[in-house]
Amino acid sequence: MSNINSSSELALNKIKKLITQNKLLKGNKLPNERLLSDITNSKRAHVRNALLILEKDGLVTRKVGNGTFLNQSSIQFIEFKDAGITKKDI
């Protein structure tokens, strides 16, 4: 995550925490960037960067004009990744 600034990383961690605490439910649409910005107390640009990283990691799907949706395996993936567990460890 060296290509991300600390403010975007903080927004990313806050969004991941919302996901792992089941405040954002798998398969459901996430709040829009403006609302996520308010929820995480982060700038909208940092939330946007965090969502791009989550999309790159396959945790969310972003659909232009429809929103951002949490993928089914997101919670388990976040917990494994944060614990340093990789697919080859399983």
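Start at 1 with the first residue, then count along the sequence. Keep in mind the model is a prediction, meaning the values are calculated, not measured.
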Name each donor-acceptor pair under 3.5 Å that joins a side chain in residues 63-70 to protein atoms two or more places apart or in another chain, with its distance.
unit_1 : atom_1 : unit_2 : atom_2 : d
Thr68  : OG1    : Arg62  : NE     : 3.3

Within this structure, what is the CG-CD1 distance for the pair Leu59 and Ile19, rounded to the nearest 0.5 Å?
6.5 Å
Any pair counted as salt bridge (Lys or Arg N to Asp or Glu O under 4.0 Å), so long as it reaches residues 47-56, sequence neighbours left out
Glu33-Arg48
Between Leu36 and Leu51, is a side-chain contact (heavy atoms from CB on, under 4.5 Å) present by the stated rule, with each step listed?
CA-CA 10 Å; Leu36 273 175; Leu51 291 174; 4.1 Å; yes
Please report the closest heavy-atom contact between His46 and Ser8, naming both atoms and the distance.
CD2-OG, 3.4 Å
side-chain contact (heavy atoms from CB on, under 4.5 Å) for Leu12 and Ile15? Distances and angles first, verdict last.
CA-CA 5 Å; Leu12 175 64; Ile15 294 169; 5.6 Å; no
Non-neighbouring partners of Ser42 that pass side-chain contact (heavy atoms from CB on, under 4.5 Å), sequence neighbours left out:
Ala11, Lys14, Thr40, Val47
Not counting sequence neighbours, which residues clear side chain to side chain donor-acceptor pair (under 3.5 Å) with Ser7? List them please.
none
Which residues pass the side-chain contact (heavy atoms from CB on, under 4.5 Å) test with Asp38, not counting sequence neighbours?
none
Quick check: is Leu52 connected to Ile39 through a chain of hydrophobic side chains (ILVMFWY, heavy atoms under 4.5 Å apart)?
no
Pairwise distance CD(Glu9) to CG(Asn49) - rounded to 0.5 angstrom:
11.5 Å
How long is the span from the CG atom in Leu18 to the CG atom in Asn13, to the nearest 0.5 Å?
11.0 Å
